[in-house]
Amino acid sequence: RDLTTRWLRVSSSAARRGNYEPIVAHAARVAFGRAPAAPPPKRAVFLHNPADPYLSRDDVLATVGAAERLGLASAVHEVATNHVQTIFQKPRIIF
């Protein structure tokens, strides 16, 4: 509950101001914060469709940078489908 409450406060406050950096930073800490304790091999694979109007390459690269600053090796794979389709229908693109 505390994490959810904090997330809602941070994200709604940042969204009202049009500043999404706190949301990205918090999401990266939560998603990748356990990376140092994870067993190898450990890496983050980011899927990005350049034609997706809702996600910019700059945002993807900023998130990759956040993961790398937390000590996680990262890679970006550009795909023609959305990320969910790629994970379930074309996993060889990732691996």
Side-chain angles (χ1 to χ4, degrees):
R1 176 182 154 131
D2 292 331
L3 181 59
T4 302
T5 301
R6 176 165 158 61
W7 173 251
L8 289 172
R9 287 182 180 156
V10 167
S11 62
S12 61
S13 174
R16 280 194 310 269
R17 292 188 316 270
N19 176 15
Y20 296 94
E21 291 300 318
I23 298 170
V24 172
H26 183 262
R29 280 194 311 276
V30 171
F32 306 123
R34 295 182 188 198
K42 50 189 173 185
R43 66 183 172 145
V45 178
F46 295 87
L47 304 178
H48 173 61
N49 179 346
D52 184 343
Y54 299 104
L55 188 62
S56 76
R57 182 155 176 79
D58 289 343
D59 289 343
V60 171
L61 294 177
T63 306
V64 168
E68 289 173 343
R69 284 190 297 279
L70 290 167
L72 193 59
S74 302
V76 176
H77 290 281
E78 290 190 355
V79 295
T81 55
N82 74 44
H83 65 281
V84 174
Q85 289 170 329
T86 301
I87 290 168
F88 291 103
Q89 295 175 2
K90 300 179 182 182
R92 289 178 194 257
I93 290 174
I94 306 167
F95 306 105

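Note: hydrogens, waters and symmetry copies are ignored here, and every other heavy atom, side chains too, is used. Just so you know, residue 1 is the first one in the sequence shown, and it goes up from there.
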Rounded to the nearest 0.5 Å, how far does OG of Ser13 lie from CG of Leu8?
12.0 Å

If I compare all heavy atoms of Ala62 with all of Arg69, which pair ends up nearest, and what's the gap?
O-NH2, 4.4 Å

To the nearest 0.5 Å, how far apart are NE2 in His48 and CZ in Arg57?
6.0 Å

How close do Val64 and Ser74 get, heavy atom to heavy atom, and via which atoms?
CG1-CB, 3.6 Å

Taking every non-hydrogen atom, the tightest pair across Ala44 and Leu72
CB-CD2, 3.6 Å

Check step by step if side chain to side chain contact (heavy atoms under 4.5 Å, CB included) holds for Glu78 and Asn49.
CA-CA 5 Å; Glu78 290 190 355; Asn49 179 346; over 6 Å; no

